[in-house]
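Structure, as structure tokens:
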Amino acid sequence: MPELPEVETIVRGLATTLPGATIRAVDVLKPDLIEEESAASFARELKGRPIRSVERRAKNIVIDTGGDFLLVNLGMTGRLFLVKEGDPEPTHPGVRIHLADGRELLYHDVRRFGRLWRMSAEAWERWEATLGVEPLSDAFTPKWLHGATRKSRVAIKIWLMDQKRVVGVGNIYASEALFRARVNPRTPADEITRPQAKRIHQGVVDVLAEAIEFRGTTLLDYRDAEGEPGEFVRRLRVYDREGEPCLRCHRTINRIVQGGRSTFFCPHCQK
DNA sequence: AACGCGCCCTGTCCGC
DNA sequence: TGCGGACAGGGCGCGT
């Protein structure tokens, strides 16, 4: 569900209010959400720790708990937010993090594809090193993109979604970026030309930046740290628009399946 | 080694 | 109205 813009929006929200807080207690309601250790150990180790910072790496929320880290991956339907006075009882609470100041940070997840795990600074560095390039960093350039695509025959849409290559681009923004770039999502990565690589680069950067401005895309479940939906859904040009007219040429948007996921594109504009 | 597939899970929607 | 199947923003582990 959440891709880079949604995770970035959540992180920006939490980063304004969480640092300086202290974890008073942790209740794990769904133990299968915890990676690599028991729920009891997870709760015990977090108890009493400070929250120093909240950042994003790829589609993960990275919380510095005083030298160690708490990572949260939201999977498809995960939410991480501060419970507000008068909120209805959550339907699928997963982990409740009680802060010393009385607030409660809730991890909520209907499908439970999300994961939370603690790691040492060293483990975090090792794991971080296996992730691909941040698309909104200086390391992501048209030249890098063209070079990196030489090594793979997979379809460019699948290629863009592989977090070992470029991070943060998921099923929505992969389709959207390729539409903006006017590149067919089925094109083998190693057949992408330099001009196409330049356009894909621009498409990825532009769509992610704009989606962050609109606080992400809410199709169904996504909510930011304040519980509010994102507004970028109204700006989607191809995703979930099968059968509707292309905004550029007015021909029909198609849906195909790649790697078991839907891809939306305009066969006329994206040759 | 790279790649494709099945699977993890719950909810919703659509056709019959 | 009920039921089965398809599908939903992600990512891992498996076999080839």
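Lettering follows sequence order; numbering is per chain, from 1.
- Between the A:Asn184 side chain and the A:Gln270 main chain, a donor and an acceptor come within less than 3.5 Å of each other.
- Under the 4.0 Å criterion applied to side-chain N and carboxylate O atoms, A:Glu122 and A:Arg126 are not assigned as salt-bridge partners.
- Applying the 4.0 Å criterion to OP1 and OP2 of B:dC8, one finds that A:Arg112 has every side-chain N and O outside that range.
- To the nearest angstrom, P of C:dG11 lies 15 Å from CG of A:Leu33.
- A gap of 23 Å separates the P atoms of B:dA1 and C:dG11, to the nearest Å.
- Judged as a side chain to side chain donor-acceptor pair (under 3.5 Å), the pairs with a partner in residues 234-243 of chain A (not counting sequence neighbours) are, in order, A:Arg241-A:Glu244.
- Regarding contacts with the backbone of C:dG10, every side-chain N or O of A:Asn171 stays at 4.0 angstrom or more from both OP1 and OP2.
- Per the geometry, CG belonging to A:Leu74 stands 16 Å off C1' belonging to C:dA8, to the nearest Å.
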Please list, one pair per line, the donor and acceptor atoms closer than 3.5 Å that link side chains of residues 43-55 of chain A to other protein atoms, with sequence neighbours excluded.
{"residue": "A:Arg49", "atom": "NE", "partner": "A:Glu45", "partner atom": "O", "Å": "3.1"}
{"residue": "A:Arg49", "atom": "NH1", "partner": "A:Thr65", "partner atom": "O", "Å": "3.2"}
{"residue": "A:Arg49", "atom": "NH2", "partner": "A:Asp68", "partner atom": "OD2", "Å": "3.3"}

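- Counting only Watson-Crick or G-U wobble pairs whose defining distances are both under 3.5 Å, the stems of 3 or more consecutive pairs in DNA chain B are B:2-8 with C:10-16, B:10-16 with C:2-8.
- By the salt bridge (Lys or Arg N to Asp or Glu O under 4.0 Å) test, A:Asp224 is found to be paired with A:Arg215, residues two or more places apart in sequence or in another chain being considered.
- Residues satisfying the ring-ring contact (aromatic ring centres under 6.0 Å, His included) criterion with A:Trp117, sequence neighbours excluded, are A:Trp127.
- Shown here are the side chain to side chain donor-acceptor pair (under 3.5 Å) partners of A:Arg111, two or more places apart in sequence or in another chain: there are none.
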All N/O pairs under 3.5 Å across the protein-nucleotides 11-16 of chain B interface:
{"residue": "B:dG11", "atom": "OP1", "partner": "A:His92", "partner atom": "NE2", "Å": "3.0"}

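- A donor-acceptor contact shorter than 3.5 Å links the side chain of A:Glu6 to the backbone of A:Glu3.
- Distance, A:Glu35 CD to C:dG11 C1': 10 Å, rounded to whole Å.
- Between the P atom of B:dA1 and the CH2 atom of A:Trp159 lies a distance of 19 Å, rounded to the nearest Å.
- Rounded to a whole Å, the CG atom of A:Leu4 is 11 Å from the P atom of C:dG10.
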Would you list the protein and nucleotides 3-7 of chain C atom pairs, both N or O, that sit under 3.5 Å from each other?
{"residue": "C:dC7", "atom": "OP1", "partner": "A:Arg255", "partner atom": "NH2", "Å": "3.3"}

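- One atom, CZ of A:Arg261, and another, C1' of B:dG4, lie 14 Å apart when rounded to the nearest Å.
- The shortest heavy-atom contact between A:Arg248 and A:Cys269 is NH1-SG, 3.1 Å.
- A:Phe113 does not qualify as a stacking partner of the C:dG11 base, lacking a centre-to-centre distance under 5.5 Å together with planes within 30°.
- Less than 4.0 Å separates DNA chain C from no heavy atom of any residue of residues 146-158 of chain A.
- Looking at A:Glu36, its side chain never comes within 3.5 Å of a backbone N or O of A:Ile34 through a donor-acceptor pair.
- Taking the six-membered ring where the residue is Trp, A:His108 and A:His92 present perpendicular rings, their angle passing 60° and hence far from 30°.
- Residue A:Met161 contributes atom CE, which lies 8 Å from atom P of C:dG11 at whole-angstrom precision.
- Linking ILVMFWY residues whenever their side-chain heavy atoms come closer than 4.5 Å, directly or via other members, leaves A:Val83 and A:Val110 in distinct clusters.
- As rounded to whole Å, 8 Å separates atom C1' of C:dG10 from atom CD of A:Gln163.
- Across residues 173-191 of chain A, not one residue has a non-hydrogen atom less than 4.0 Å from an atom of DNA chain C.
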Can you give each donor-acceptor pair under 3.5 Å made by side-chain atoms of residues 93-103 of chain A, sequence neighbours left out, with the distance rounded to 0.1 Å?
{"residue": "A:Arg96", "atom": "NH1", "partner": "A:Glu104", "partner atom": "OE2", "Å": "2.8"}
{"residue": "A:His98", "atom": "NE2", "partner": "A:Asp27", "partner atom": "OD2", "Å": "3.0"}
{"residue": "A:Asp101", "atom": "OD1", "partner": "A:Arg103", "partner atom": "N", "Å": "3.0"}
{"residue": "A:Asp101", "atom": "OD1", "partner": "A:Arg103", "partner atom": "NE", "Å": "3.4"}
{"residue": "A:Asp101", "atom": "OD2", "partner": "A:Arg103", "partner atom": "NE", "Å": "3.1"}
{"residue": "A:Asp101", "atom": "OD2", "partner": "A:Arg103", "partner atom": "NH2", "Å": "3.1"}
{"residue": "A:Arg103", "atom": "NH1", "partner": "A:Thr17", "partner atom": "O", "Å": "3.4"}
{"residue": "A:Arg103", "atom": "NH1", "partner": "A:Thr17", "partner atom": "OG1", "Å": "2.5"}
{"residue": "A:Arg103", "atom": "NH2", "partner": "A:Thr17", "partner atom": "O", "Å": "3.1"}

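- Nucleotides of DNA chain B nearest to A:Gly259 and A:Arg111 differ in position, and the one nearer the 5' end is that of A:Gly259.
- Checked for salt-bridge contact, A:Asp32 and A:Arg112 meet the test: a charged N lies under 4.0 Å from a carboxylate O.
- Counting non-hydrogen atoms under 4.0 angstrom, A:Phe232 reaches nothing in the nucleic acid.
- Partners of A:Glu134 according to the salt bridge (Lys or Arg N to Asp or Glu O under 4.0 Å) rule, which considers only residues two or more places apart in sequence or in another chain, are A:Arg56, A:Arg57.
- Annotation: the span from A:Arg165 atom CZ to A:Ile158 atom CD1 amounts to 10.0 Å, rounded to 0.5 Å.
- Mapping A:Arg165 and A:Asp32 onto DNA chain B by nearest heavy atom places A:Arg165 at the nucleotide closer to the 5' end.
- Annotation: the span from A:Leu145 atom CG to A:Leu160 atom CG amounts to 7.0 Å, rounded to 0.5 Å.
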